[in-house]
Chemist: 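A single structure is presented below for examination.
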2 protein chains.
Amino acid sequence: MKTHEKKLYQFKAAVIAAAGHPIRLAIIDFLKDGEQCVCDIAKHVEAQRSNVSRHLGVLLKAGIVEYRKEGLKVMYCLKTPCVLDLANCVVNVLRKQARETSTLLKRL
Amino acid sequence: MKTHEKKLYQFKAAVIAAAGHPIRLAIIDFLKDGEQCVCDIAKHVEAQRSNVSRHLGVLLKAGIVEYRKEGLKVMYCLKTPCVLDLANCVVNVLRKQARETSTLLKRL
DNA sequence: TAACTTTGTGAGCATATAGTAATATAGATA
DNA sequence: TATCTATATTACTATATGCTCACAAAGTTA
């Protein structure tokens with residue numbers, strides 16, 4: 001593996017890792033229809049505002065979301081809507097898991 | 001958010017998190033052309049075998065890879081090749097980042 | 001059987017991550 | 001100005017993750 005290949009895997013992994021948390025995944029999903037303030041995001045994902053603020057920081061650092069200030073509020077939105085595809089890719093893995101489990105259970 | 005929605009985000013996040021590590025991403029990429037033994041995987045990603053073994057355990061638990069034993073060797077392969085799409089989804093995020101950085105640097 | 005190869009795992013350490021409570025900051029409003 | 005609201009940040013704790021070394025297990029070969 002060449003050095004630049006390794007670097008590229010690091011960059012990709014950083015973005016994927018940022019998406020790999022249930023709350024952050026819920027946030028990404030919530031933002032699919034447009035921008036939302038931290039306040040409403042926190043309500044929707046049912047987590048503390050300070051915690052949501054942290055998770056938004058992670059998504060921001062990874063380049064997944066961006067924000068603009070509007071008065072008191074800070075509005076966040078998806079920077080590249082294609083991150084929504086991430087969750088879709090994973091569904092196939094979950095489906096395969098489910099099929100296996102159900103096959104296994106039938107043999108009980 | 002309903003309880004089953006939360007559960008689903010947890011399941012999805014578990015799979016995404018499993019993919020969100022540079023070495024594991026390199027392993028997934030290396031397996032795209034077919035099964036490989038731990039030994040060769042370790043050589044390719046340039047990491048210690050015990051470490052690679054651990055990473056393979058993570059991918060296995062997440063349902064991303066599966067294995068079969070062949071003599072001394074254990075051959076791993078992708079269980080659902082669609083995980084390869086994960087890395088592709090992320091490329092757009094990285095491209096956006098790159099464009100921004102270069103725009104910024106032009107103003108120096 | 002003894003030595004070797006391949007893989008997995010336990011122990012231990014360093015670091016990263018997630019969450020909470022309290023505080024700081026910035027803007028809006030009375 | 002004083003107060004309220006929305007958000008970010010600091011400090012802290014608990015837990016998870018990544019890595020390495022050493023060793024164990026299983027199969028191969030001499």
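Any value given below was found using the heavy atoms of this structure, including those in side chains, with hydrogens, waters and symmetry copies removed. Letters go in sequence order (proteins before strands), and every chain restarts at 1.
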Chemist: Mind calculating the distance between NZ (A/Lys73) and P (D/dT7) to the nearest angstrom?
Modeler: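 Taking atom P of D/dT7 as the reference, NZ of A/Lys73 is at 7 Å.
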Chemist: Between C1' on D/dG18 and CD1 on B/Ile27, what's the gap in Å once rounded to a whole number?
Modeler: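 Rounding to the nearest Å, CD1 of B/Ile27 and C1' of D/dG18 are 13 Å apart.
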Chemist: Check the phosphate of D/dG18 against B/Arg24, side-chain N and O only, distance under 4.0 Å to OP1 or OP2. Yes or no?
Modeler: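 Result: yes.
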Chemist: Nearest to the B/Arg54 side chain among C/dG19, C/dG10, D/dA6, which nucleotide is it?
Modeler: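 Looking only at heavy atoms from C-beta outward on B/Arg54, the closest nucleotide is C/dG10.
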Chemist: When the distance from CE of A/Met75 to C1' of D/dT5 is rounded to whole Å, what number comes out?
Modeler: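 After rounding, the gap between these two atoms is 15 Å.
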Chemist: Which of these nucleotides, C/dA18, D/dT7, D/dT20, is closest to any side-chain atom of A/Ser53?
Modeler: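 Shortest atom-to-atom distance from the side chain points to D/dT7.
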Chemist: Looking only at heavy atoms, what is the nearest atom pair of A/Ala62 and B/Gln97, with distance?
Modeler: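 The answer is O-NE2, 2.7 Å.
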Chemist: Would you kindly give the OH-to-C1' distance between B/Tyr76 and C/dT6, to the nearest whole Å?
Modeler: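 Interatomic distance, OH of B/Tyr76 to C1' of C/dT6: 11 Å.
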Chemist: May I ask you to decide whether A/Glu100 forms a salt bridge with B/Lys79, counting only side-chain N to carboxylate O separations under 4.0 Å?
Modeler: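 Yes, A/Glu100 and B/Lys79 are salt-bridged.
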Chemist: Tell me: CZ of A/Arg49 to P of C/dA24, nearest whole Å?
Modeler: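 Between P of C/dA24 and CZ of A/Arg49: 17 Å.
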Chemist: Are A/Val83 and A/Leu8 co-members of a hydrophobic cluster defined by side-chain heavy atoms under 4.5 Å apart?
Modeler: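 No; tracing contacts between hydrophobic side chains, which count when under 4.5 Å, never links both residues.
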Chemist: Quick one: A/Asp40 CG to D/dA6 C1', roughly how many Å, whole number?
Modeler: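 One finds 11 Å between C1' of D/dA6 and CG of A/Asp40, rounded.
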Chemist: Does OP1 or OP2 of D/dT17 have a side-chain N or O of A/His21 closer than 4.0 Å?
Modeler: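 False: A/His21 side-chain N/O out of range (4.0 Å or more) of D/dT17 OP1/OP2.
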Chemist: Tell me the interatomic distance from B/Asn51, atom CG, to C/dT9, atom P, rounded to whole angstroms.
Modeler: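 That distance rounds to 14 Å.
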Chemist: Quick check on DNA chain D: between B/Gly20 and B/Leu72, whose nearest nucleotide comes earlier from the 5' end?
Modeler: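 The residue closer to the strand's 5' end, by nearest nucleotide, is B/Gly20.
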Chemist: On DNA chain C, does the nearest nucleotide to A/Lys69 precede the nearest nucleotide to B/Tyr67 from the 5' side, or the other way round? Give the residue.
Modeler: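 It is B/Tyr67 whose nearest nucleotide is closer to the 5' end.
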Chemist: Return the orientation label for the B/His21 and B/His55 ring planes: parallel under 30°, perpendicular over 60°, tilted otherwise.
Modeler: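 Judged by the thresholds at 30° and 60°, the geometry between B/His21 and B/His55 is tilted.
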Chemist: Write down the distance between CG (B/Leu60) and P (C/dG8), rounded to a whole number of angstrom.
Modeler: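 Spelled out: CG on B/Leu60 to P on C/dG8 is 9 Å.
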